[in-house]
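Quick note: numbers below take in every heavy atom, side chains included, and nothing from hydrogens, waters or symmetry partners. Throughout, protein chains are lettered first and strands after them, A, B, ... in sequence-line order, and every chain is numbered starting at 1. Because the structure is a prediction, the values reported are computed rather than measured.
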Protein chains: 2
Amino acid sequence: MAKLDLFKFVPFRLNRLAAEVSAALSSEYQARYGLDIPEWRVIATLGFRNDACSAQYIAHCTRTHKSTISRAVTALMTRDLIERVENASDRREFRLRLTQRGHALYEELIPRLLRKEREILSCLSAQERKDFAGLLGKIEASLELVQTSKAASETEAY
Amino acid sequence: MAKLDLFKFVPFRLNRLAAEVSAALSSEYQARYGLDIPEWRVIATLGFRNDACSAQYIAHCTRTHKSTISRAVTALMTRDLIERVENASDRREFRLRLTQRGHALYEELIPRLLRKEREILSCLSAQERKDFAGLLGKIEASLELVQTSKAASETEAY
DNA sequence: TTAAGATAGTCTCATTTGCAACCATCTAAA
DNA sequence: TTTAGATGGTTGCAAATGAGACTATCTTAA
């Protein structure tokens, strides 16, 4: 007779852990800066890259639906945290980038989030953290969640 | 100047990985059996425990909101997959358990899900899988997502 | 016994989000 | 060219879900 212990079932554990970790982080960007998760992902993507990029690019690399990104972009523009400029070579898309205010928010938020991440992982030794990152990477690669060298060049096209 | 690479940021990676793994599994319980995630959690909890338990217990141990569980219970009852009996000693709560049909579905579904889990983790060696489970466990424990011996006895009260 | 507070479960409401239709624009092939 | 199909982005709609009010019931202490 088949049995499945939810508490030992990796998919369930990942779901629960991700939800818990997200909740812990949201107190930073949500409560303090009024950003929801999609908005934070837009800010994070634009802040990390120095060049402007399209909404589609953000949707692809954060694995978020394009309509969700579209709404986040609208909200962030009305708050003057990002701006968009027309792309002369392709008038369908817009190039997005942080405004000065957006940059300031990014600079203020990032250290807080990195501190939270350290807190959450502080139960692991340095070696264990490294191992954990490596194992996550292997699973991501096998699910094609990360860019192989081939896929990376395709991503550039976005 | 602070920077944060989303692709190396563990909270983001956990979210993305959990979403991807869930999507891979949902093709089993969703497409084939018409169960959504909350419904599957109710089935899984009832199938694993031999005794009947309350909706509140399921909500607590799967970390799902009680209103979500309530809806899942209603849906599963109309499909005759679970049944509930009054609890004479506390008439506020109901004891839930799988019906025969529910048991049959459980027996059919579990091997499929376990196979999927194996597939997803097949990119890791046996030792790596063990390590990964152990590291997950440490993080869960530090976030109090799992029952310590003390918390376990409290859980019994549900 | 009574009253205050806790708890189980349901229900309504508001929010979030994915889907898909849609428009504008681009690309490629006839 | 012209046309068919692909792509970027927006929006309306529906489904899912959490918050919190609410009822019924239980518990505890005055």
Side-chain angles (χ1 to χ4, degrees), chain A residues 15-16 18-20 22-23 26-27 29-31 34-42 45-46 52-78 82-96 154-158, chain B residues 15-16 18-20 22-23 26-27 29-31 34-42 45-46 52-78 82-96 154-158:
Chain A
N15 249 299
R16 208 180 35 165
E20 196 71 13
S22 286
S26 79
S27 64
Y29 53 74
Q30 169 96 81
L35 299 175
D36 61 22
I37 292 185
E39 286 163 8
W40 147 243
R41 286 183 178 173
V42 171
T45 306
L46 295 180
C53 55
S54 70
Q56 200 72 258
Y57 172 83
I58 299 174
H60 273 87
C61 74
T62 64
R63 300 236 155 188
T64 308
H65 197 276
K66 65 177 183 171
S67 63
T68 305
I69 296 295
S70 173
R71 290 175 187 117
V73 164
T74 302
L76 292 172
M77 284 199 303
T78 62
I82 68 175
E83 61 190 357
R84 66 181 194 183
V85 294
E86 278 194 12
N87 180 357
S89 67
D90 184 343
R91 285 177 18 249
R92 288 172 306 179
E93 79 169 34
F94 300 93
R95 319 292 306 190
L96 301 168
E154 286 166 10
T155 303
E156 285 307 307
Y158 290 138
Chain B
N15 250 298
R16 208 180 35 164
E20 196 72 11
S22 286
S26 80
S27 64
Y29 52 73
Q30 169 97 82
L35 299 175
D36 61 21
I37 292 186
E39 286 163 9
W40 147 244
R41 287 184 178 173
V42 171
T45 306
L46 295 180
C53 55
S54 70
Q56 200 72 258
Y57 172 83
I58 300 174
H60 273 87
C61 73
T62 63
R63 300 234 157 190
T64 308
H65 196 276
K66 65 176 182 170
S67 62
T68 305
I69 295 295
S70 174
R71 290 175 187 116
V73 165
T74 302
L76 292 172
M77 283 199 305
T78 63
I82 68 174
E83 61 190 356
R84 64 181 196 184
V85 294
E86 279 194 11
N87 180 355
S89 67
D90 185 343
R91 284 176 22 247
R92 289 171 305 178
E93 79 170 33
F94 300 94
R95 319 293 304 187
L96 301 168
E154 286 167 11
T155 303
E156 286 308 307
Y158 291 137

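The side chain of A/T68 lies closest to C/dG18 when the candidates are C/dG9, D/dT25, C/dG18. Nearest to the side-chain atoms of B/S67 among the listed nucleotides C/dC11, C/dT25, C/dG9 stands C/dC11.
Protein atom CZ of B/R91 is 15 Å distant from nucleotide atom C1' of D/dT27, rounded to whole Å. As a whole-Å value, the separation of B/I69 CD1 from C/dT7 P is 19 Å. Computed from coordinates, the B/L35 CG to D/dA15 P distance equals 18 Å when rounded to whole Å. Per the geometry, CZ belonging to B/R41 stands 13 Å off C1' belonging to D/dA16, to the nearest Å. The distance between atom NE2 of B/H65 and atom C1' of C/dT10, rounded to the nearest whole Å, is 12 Å. Residue A/L96 contributes atom CG, which lies 9 Å from atom P of D/dT10 at whole-angstrom precision. Distance A/N15 CG to D/dA16 P: 16 Å, rounded to the nearest Å. Atom CZ in A/R92 sits about 16 Å away from atom P in C/dC23, given to the nearest Å.
No donor-acceptor distance shorter than 3.5 angstrom exists from the side chain of B/S22 to the backbone of B/A19, with no hydrogens or angles considered. Within the 3.5 Å criterion, the main-chain N or O of B/T64 finds no donor-acceptor partner in the side chain of B/T68.
In terms of position on DNA chain D, the residue among A/T74 and B/D36 whose nearest nucleotide sits closer to the 5' end is A/T74. Mapped onto DNA chain C by nearest heavy atom, A/P38 and B/R84 fall at different nucleotides, with B/R84 at the one closer to the 5' end.
You won't find any donor-acceptor pair under 3.5 Å spanning the side chain of A/R71 and the base of D/dG9, going by distance alone.
Heavy-atom minimum distance, A/I58 versus A/C53: CG1-SG, 4.2 Å.
Using a cutoff of 4.0 Å between basic side-chain nitrogens and carboxylate oxygens, B/E20 and A/R63 are scored as salt-bridged.
The phosphate of C/dT10 has OP1 or OP2 within less than 4.0 Å of a side-chain N or O from B/S70.
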> Between A/L35 and A/R41, is a side-chain contact (heavy atoms from CB on, under 4.5 Å) present by the stated rule, with each step listed?
Replying inline: CA-CA 9 Å; A/L35 299 175; A/R41 286 183 178 173; over 6 Å; no

